[in-house]
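Before any comments, here is the structure.
Each chain gets a letter, A, B and so on, in the order the sequences are listed, and its residues count up from 1. The analysis underlying the following values was restricted to heavy atoms, covering all of them including side chains, and did not include hydrogens, waters or symmetry mates. The structure displayed is predicted, hence computed values, not measured ones.
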Amino acid sequence: METRNKRPPEGLLFEVSRPGRRGADLPPLDVPADGKHHLDRRFRRDDIEGFPELSEVDVVRHYTRLSRLNYAIDLGLYPLGSCTMKYNPKINEKVARLPGFADLHPQTPEEMAQGALRLMHSLERALAAVCGMDRFTLQPAAGAQGEQVGILMVRAYHQDKGNPRQVVLIPDSAHGTNPASAHLAGYKVEQIPSNARGCVDVEALRKRVAEDVAVLMLTNPNTLGVFEGEIETVARILHDRGALLYMDGANLNAFVGQARPGDMGVDVHHLNLHKTFSTPHGGGGPGAGPVGVKKILEPYLPAPVIERDGDTLRLRHDRPKSVGRIRSFHGNFGMFVRAWAFILAHGPDGLKRMSETAVLNANYLRKRLEKTWHLPYDEPSLHEVVFSDKNLEATGVRTLDVAKRLMDYGFHPPTIYFPLIVKGALMIEPTETESREELDLFVDALMAIDAEARQDPDLVKNAPHTTPIRRLDETTAARQPILRWMPDPKNT
Amino acid sequence: METRNKRPPEGLLFEVSRPGRRGADLPPLDVPADGKHHLDRRFRRDDIEGFPELSEVDVVRHYTRLSRLNYAIDLGLYPLGSCTMKYNPKINEKVARLPGFADLHPQTPEEMAQGALRLMHSLERALAAVCGMDRFTLQPAAGAQGEQVGILMVRAYHQDKGNPRQVVLIPDSAHGTNPASAHLAGYKVEQIPSNARGCVDVEALRKRVAEDVAVLMLTNPNTLGVFEGEIETVARILHDRGALLYMDGANLNAFVGQARPGDMGVDVHHLNLHKTFSTPHGGGGPGAGPVGVKKILEPYLPAPVIERDGDTLRLRHDRPKSVGRIRSFHGNFGMFVRAWAFILAHGPDGLKRMSETAVLNANYLRKRLEKTWHLPYDEPSLHEVVFSDKNLEATGVRTLDVAKRLMDYGFHPPTIYFPLIVKGALMIEPTETESREELDLFVDALMAIDAEARQDPDLVKNAPHTTPIRRLDETTAARQPILRWMPDPKNT
Amino acid sequence: MPGVHRYLPLSEAERAAMLRAAGFSRPEDLFASIPEKLRLKGALDVPGPLAEQDLLAELQGRAAENRVPDPRAQFLGGGAYRHYQPSIVDHLLQRTEFYSSYTPYQPEISQGTLQAVFEFQTLICQLTGLDISNASMYEGASSLAEAILMADRLTPKKRTLLSDRLHPEYARTVRTYLAHIGMEVQTFGHRADGTADPQQAAQALAAGASSLVVQHPNFFGCVEEIETLAAAAKQAGAHLIVAMNEPISLGLLEAPGAQGADIVVGEAQGLGVPLSFGGPYLGFLAARAAFMRHMPGRLVGEAKDVDGRRGYVLTLSTREQHIRREKATSNICTNEGLCALTASIYMATLGKTGMMDLARHNHAKAAYARTRLEAVVGLQFPEPAPFFNEFVVRLKGSATDAVHRLAEKGILAGLPLARYFPDRDRDLLVCVTEMNPKAEIDRLADEIGRL
Amino acid sequence: MPGVHRYLPLSEAERAAMLRAAGFSRPEDLFASIPEKLRLKGALDVPGPLAEQDLLAELQGRAAENRVPDPRAQFLGGGAYRHYQPSIVDHLLQRTEFYSSYTPYQPEISQGTLQAVFEFQTLICQLTGLDISNASMYEGASSLAEAILMADRLTPKKRTLLSDRLHPEYARTVRTYLAHIGMEVQTFGHRADGTADPQQAAQALAAGASSLVVQHPNFFGCVEEIETLAAAAKQAGAHLIVAMNEPISLGLLEAPGAQGADIVVGEAQGLGVPLSFGGPYLGFLAARAAFMRHMPGRLVGEAKDVDGRRGYVLTLSTREQHIRREKATSNICTNEGLCALTASIYMATLGKTGMMDLARHNHAKAAYARTRLEAVVGLQFPEPAPFFNEFVVRLKGSATDAVHRLAEKGILAGLPLARYFPDRDRDLLVCVTEMNPKAEIDRLADEIGRL
Ligand SMILES: Cc1ncc(COP(=O)(O)O)c(C=O)c1O
Ligand SMILES: Cc1ncc(COP(=O)(O)O)c(C=O)c1O
């Protein structure tokens, strides 16, 4: 009996293209087509080789069909650890598309863009309140760029004091962007080991921190979902030696309204609006990575900054000590609108309830799973919990297999093989927007997979079985990369 | 090996409901909650038993999951004969949602609603031009209601002449709404047989038309997709005896810009904006069934009608001879906006090209299929073509099986078992918005199914195999109807 | 390229090739079956074509010609109601699988629509307190006509009684529908407080009727005494038909089914369907189980597939025109499916508490407006009966003039009853919903006071 | 119910039950791992909560505070471009499967995104005339910085040369990125006609550099002589990096790759991405095949599944931060995926002829505007070189004042260069696109004439 629909898979744009089709009509040209400013032949192209030709209908069908090959948050739990895949409120999509925002040109004179500037100003202040920091920049396009800006500010600060220092310390459990960003800021990266509890080893830190250390990049809660309980001590150690504390705030969803980086001795940190504040991930982006700082770092913020001038808000560019621009224009404004709407929708209690629920859901999952699945670090969990495939060792089933098999149960898998300090990690972050029944269904699936692994390991190892495409040969793909479509020589 | 995703099917709203959840928050009440106008207890309810309680997330997931169980025009060919399932331009959805239209209250004073009235007026005039009629009413909510209005006008016309007459003649190939609408207008319905060519039998008609006949309801092109070539003669026969000619214009897509009902002797006809003019079908509706009339019937149009009064347009209610209202307010205005946008997008040449392409696609399919599939009426096809399952008689495979098997090939089946004059009819209408490759894929599928029927009939008889749900027991469903969810007595 | 249009996939070359493949030499030949003299010679007299950019500008221009006050300052009701549509409703409606699909004739690939309709039927039953509901009808007025016909199918008496408090457009539509099928339509009067008069109803019923029709809340906003009227109808062996056009009221008012109504029918636009200048709207029809096989319109029922899975199908179609032709229970075919989906998503989003809170808010705001207006000297309230979110205020002068004068102040004050009742020139029907903040209600009262 | 929020599914009861099931007695205990003294005592100082109805009103109010002239009368460019977005683009973007999904780490359930990115990479290659493209970067300026770093990875010279005709914000961003990684940034000058000077470039190159950077069309609108510059770069063993921020120009201008550019990088917002006050936008980076393993950002490649079906995967990830940490080719992780999809749908919709026609129209309209302005006495055009849809006009007085005065006439005349170059106080950068009808161009010229 058949199982797969017999319609051939959707071809590439270039394959479904047909010469002579068009998907858009332009208004008739209402000015002379050619005049004295005619552009010389040598500047012009007479074809865009291979470029597709489709009708509007063809385009709509192509992308509608493609969309059906994706999983989505609106289809179910999307428990990617450290990614905070929460529900994206639809009203946020609507307000971000208000013509007053969506059609606003970034070069619009300030006087005509006060609504946008006010929104950015309000968001900055709200983030400062949430994080207990003195000031924010909204410019960074994502978390990684926020890290980069943050470390550049740290550098400028030390520079001002006469010595930029050489080293950035990063725990071995940190996200890859931390070292990459530190490197871009011209620093040497040194790893700090985690202790048995998965937290930064304070003694090792104390030993290491010297005049050459500029800053420690600490993720809190860390990538195990564990709160860095000794963070104050950490801050003191650093500050005593003139170093600063950077916090990677990607996991801020864990304690919004419960605690604030600013109260923990953090000097500078980024957060991800596309995580904690629910701006949609868009299949990879866009995001936004605002950076919060304490007073001491304010002079170094990227220019421009928004400042009040009577009743009008102005963009100040004259910031002599600024680290400068990190991008063009004012940042990912469309994400600011969404994040601001998200904050307004929740209010103070709602935000607090948000983190409480995220942590409750993670702990509920943990409790229901920990008897069956191996918990490498038995520490209190906040917003996420990390398991491993250790208990399945005998079966030969690995984390990757479990991830793929979850697809057959209708779930997106958790983050796998991260953090690196856990072998075969399964990093599960449910977020606050999951219902109990969805969590229970997920638990049932993981329990069933554990049983399958023992009874019929091949069923799991060959998973997924029910997806539009099954496991792909990524090795060959990387060895002989095909990164673009090329016309079939046969047809040309 | 497994084939179906293991996630349980989405439950009913009432099953996924959880007490205490809410999907919407209201603005705080800014007036006294209770005053002297407090509503007495005896008028009030204190519960809506069984009503669902869901969070916004639950609702979004519920309907997103349900949506994925549907086929859609944006996923491929939707060849339902007589339904004109063409692409629904997205811009039409956008303009229909402009606040100036979508938020306009039907009781808005005329002076404040000139934009809407102008749009309706323009649409009326454009339809009159397309159909060669003198005047249109946009009031009917769908084709059937248009028929009803049309026949009521015919009745009023005859009444005015002193005798409403008793009989409405309808060919045996007509759509079921024709007799049903005639009946609602208080007429006795008599069938007129089709001749060997599938068209109305002119001789039979000539014999039958007498003083008691009010009107003939003729579908043109008829439900075989064939143009009623003798329509002028038909009109003459009727007119000679004081009877009128009603045309069912559901199939207007076949000759827009090529010919006009008004030039064929038609006195009154409806058309379906949700067919020829591409307003979306919405899984069953809404539609709109404007009715065009010749001068002689104008006095009987439903009230109100739009009329110029200097620069302003007014709704005239004082129409003594009007058949009256057939519904509240001004008709399905949202559909008018879409249809008007559709007409503007095409223009005169575009509309002509639309029908030409619809007919081309139908004839292309016909040519490619007619050698293999039985063509009960070998007459020139316009926008659609009707095949039958005759050639498969020996295999035991029936039209229904073919329809279901098409689903396994990723297609929506054609209209089946209609028109009634064809045994085992497969009524195929591709419309103009299909590409050649989509048509070819469909032909390949029907060819493959023909082969399967001969080699492995059970494969076809047990189809579909790849749909979320397989064949349903409709007999039991009708014998013991369950028309609503009821709380499970076990749980209460 | 004249022929190549963004909505038409075929290129000129494909067109030519297919024409040849189909056995034609010229495009005109495709229409050879249309007699030459019927072939249109000239071009159609319609505007266009417009590029999408120009099309959008054109329609934006049209929309802008509708010069209406801010929604917060509108107080129009009278059969269509202003309510806030949560953003997820339209977001979900724009799933092409919902809006671009046809009537679910093929259940295997239409379960999304079918389950949603089954849920709609259930939600309507829960709101109205009745046993069954259909999948939707055109709109309120024609649905009422269908309900009257249905009642007479079950209990043929060829006579119906309409309350004179019924929406005039509904009454007019009923007469149009019933004009030629030998059913008599009679109206009965109301009491001084503005509600339908049970006595007069009883008298009229004495002569026999298949149905007694009362609108609730009625056209003038008054909440009706359903129980009393139901008793009178029952007594006379007639069916009580309750017509409603403000479904939000059912979040506060007792379910008519629980009060003895046999049929509840009307307009459900209020459940999140856009005002859209009067349509598309959402007719609904709920009734006691006895009416099941007499129902007009589509019905969705539960069924099992060959593997035992639960699914949904269109059922009891032997009632319908495509099977029964002139003997069908109605001529309806295309209904208002997407509006029913709109209402379902709306109801699911508000949920039980939301619906009940919203109804309370509407009533409280209308009550506040009424109280504020009562404080204005010289105004009268011809219908003193309890109301939901709508009531009539009698001004000192012409209500039509008042509406125009307040429009200059950016207020759309309500519906002048003169539109339907020339003799009620000073009467204004005012509707207040959650869309009207207190500040605007105050402004309305102040400005009316200043008239 | 304080705790029950529309975005939080759990009811109070479920919350309590789950808390117990998880082994906690009070919600606070969930945070026991946070030292008591770090626990926030008071409530956060943020506004809200707002019901959706109020939220919408609040943001509509904010949006309305942006008082800008009608889009048809706007002539702003300077790095962001006004183009018409066909309605299908946003309709398709709103498919939740596209916008609510994460980076496609799990290809089996992400083929929609992966195939779309693979198509994006191809479209960018076709437009630029180069071999490879990545899956998107943040925006134009930082992408340029990444390109310079990439060039120096392949050919380490620790030195880059920037044309002084580069967008000032791009130049500033490059300096920020390169400030501390031991790369020298030097600029070279331009010719009288406003284009980058190949001579000066050659001189600067003599000292050695890994890349020569020129914007095309440049910040002042001038079309550059790519071939000449490419020759100079090649000669010196440097890579020519062409920075672009108006992708529509590629519908008319020869593909830089075909003119000798090694890398084409920049801003692709013009491909249907909303202006949105500056972001999110779409950085793109295309290069010759030699750069493949030096590319920053994500790359999607073709692969086969176990059943031999063609599919797509994220590939060459050993370049990336999650594997290589500080040795990665970039720190980028989250990119601008949805903007890349926007651009892909936009390009697919316009298609080959649409893109080329649109570019012609843009140029024709800008040329017309320029001609109209040239007819105004007293105006000057400091950059006489050929242009695409943007050029500088030197007014008789302050351009900033002019912009404000024309704003009162409902025209946003352009970008005063004083914003970046205090010494160019009278210069106005004017951009004309398909969004500007002739009538508005005429009005602009007339009003400038009246100044
Ligand atoms: C812990 C952590 N740090 C940093 C990042 C980088 O943030 P972005 O992807 O927004 O650049 C992420 C995101 O995956 C993360 O999880
Ligand atoms: C030939 C014909 N007549 C009438 C109708 C009825 O139109 P509607 O469904 O809009 O009421 C249809 C629609 O199916 C039809 O195909």
Test item: side-chain donor near acceptor, R15(C) and T357(B), under 3.5 Å: yes
Which atoms of T476(B) approach chain C - backbone, side chain, both or neither, heavy atom under 4.5 Å: neither
Part of L26(B) within contact of chain C (heavy atom distance under 4.5 Å): side chain
Under 4.5 Å from any heavy atom of chain C - which part of P32(B): both
Donor-acceptor pair between R95(C) and S67(B) side chains, under 3.5 angstrom: yes
Non-hydrogen atoms of A303(C) and D473(B) that approach each other most closely: CB-O, 3.9 Å
Choice from P437(C), P71(C), S330(C), A255(C) maximising heavy atom contacts with chain B below 4.5 Å: A255(C)
Heavy-atom contact with chain B under 4.5 Å, split by part of T315(C): side chain
No-hydrogen, no-angle side-chain donor-acceptor test under 3.5 Å, Q321(C) and T177(B): no
Sub-6.0 Å ring centroid separation between F387(C) and H37(B): yes
Segment of P481(B) engaging chain C (4.5 angstrom heavy-atom cut-off): side chain
Heavy-atom proximity to chain C below 4.5 Å, by part of M264(B): both
Full working for ring-ring contact (aromatic ring centres under 6.0 Å, His included) between F277(C) and H330(B): CA-CA 7 Å; F277(C) 203 49; H330(B) 321 303; 4.4 Å; yes
Region of A182(B) in contact with chain C, defined by heavy-atom distances below 4.5 Å: neither
Heavy-atom contact with chain B under 4.5 Å, split by part of L341(C): side chain
Pairs of heavy atoms under 4.5 Å with chain B: top-ranked of V117(C), I441(C), V313(C): V313(C)
Exercise: do R353(B) and H5(C) side chains pair donor with acceptor under 3.5 Å: no
Under 4.5 Å from a heavy atom of chain C, the part of R42(B) involved: both
Region of L12(B) that comes under 4.5 Å of a non-hydrogen atom in chain C: both
Modelled atom types, side-chain donor and acceptor of N70(B) and T113(C), under 3.5 Å: yes
Centroid-centroid under 6.0 Å between Y7(C) and H346(B) rings: yes
Under 4.5 Å from any heavy atom of chain C - which part of I73(B): both
Interchain contact, A185(B) with chain C, by part (heavy-atom threshold 4.5 Å): backbone
Pair R325(B) + E169(C): basic N to acidic O under 4.0 Å: yes
Per-residue contact mode, D47(B) against chain C (heavy atom under 4.5 angstrom): both
Engaged part of V300(C) at the chain B interface, taking heavy atoms whose separation is under 4.5 Å: backbone
Contact winner vs chain B - R325(C), Q74(C), K438(C), heavy-atom pairs under 4.5 Å: R325(C)
Per-residue contact mode, E119(C) against chain B (heavy atom under 4.5 angstrom): both
Nearest non-hydrogen partners of D263(B) and L40(C), listed with the distance: OD2-CD1, 4.5 Å
Identified side-chain hydrogen bond (donor to acceptor under 3.5 Å, both in side chains) counterpart of N331(C) within the set Q148(B), H183(B), Q145(B): Q148(B)
Choice from E434(C), M292(C), E267(C) maximising heavy atom contacts with chain B below 4.5 Å: M292(C)
Which portion of R175(C) sits near chain B, non-hydrogen atoms under 4.5 angstrom: neither
Region of R82(C) that comes under 4.5 Å of a non-hydrogen atom in chain B: side chain
Part of I132(C) lying under 4.5 Å from any heavy atom of chain B: side chain
Side chain / backbone / both / neither for E93(B) at chain C, heavy atoms under 4.5 Å: side chain
Side chain / backbone / both / neither for V130(B) at chain C, heavy atoms under 4.5 Å: both
Pair D90(C) + R97(B): basic N to acidic O under 4.0 Å: yes
Cationic N near anionic O, under 4.0 Å, R44(B) to E254(C): no
Toward chain B, the part of M355(C) with a non-hydrogen atom under 4.5 Å: side chain
D307(C), part contacting chain B, at a heavy-atom distance under 4.5 Å: side chain
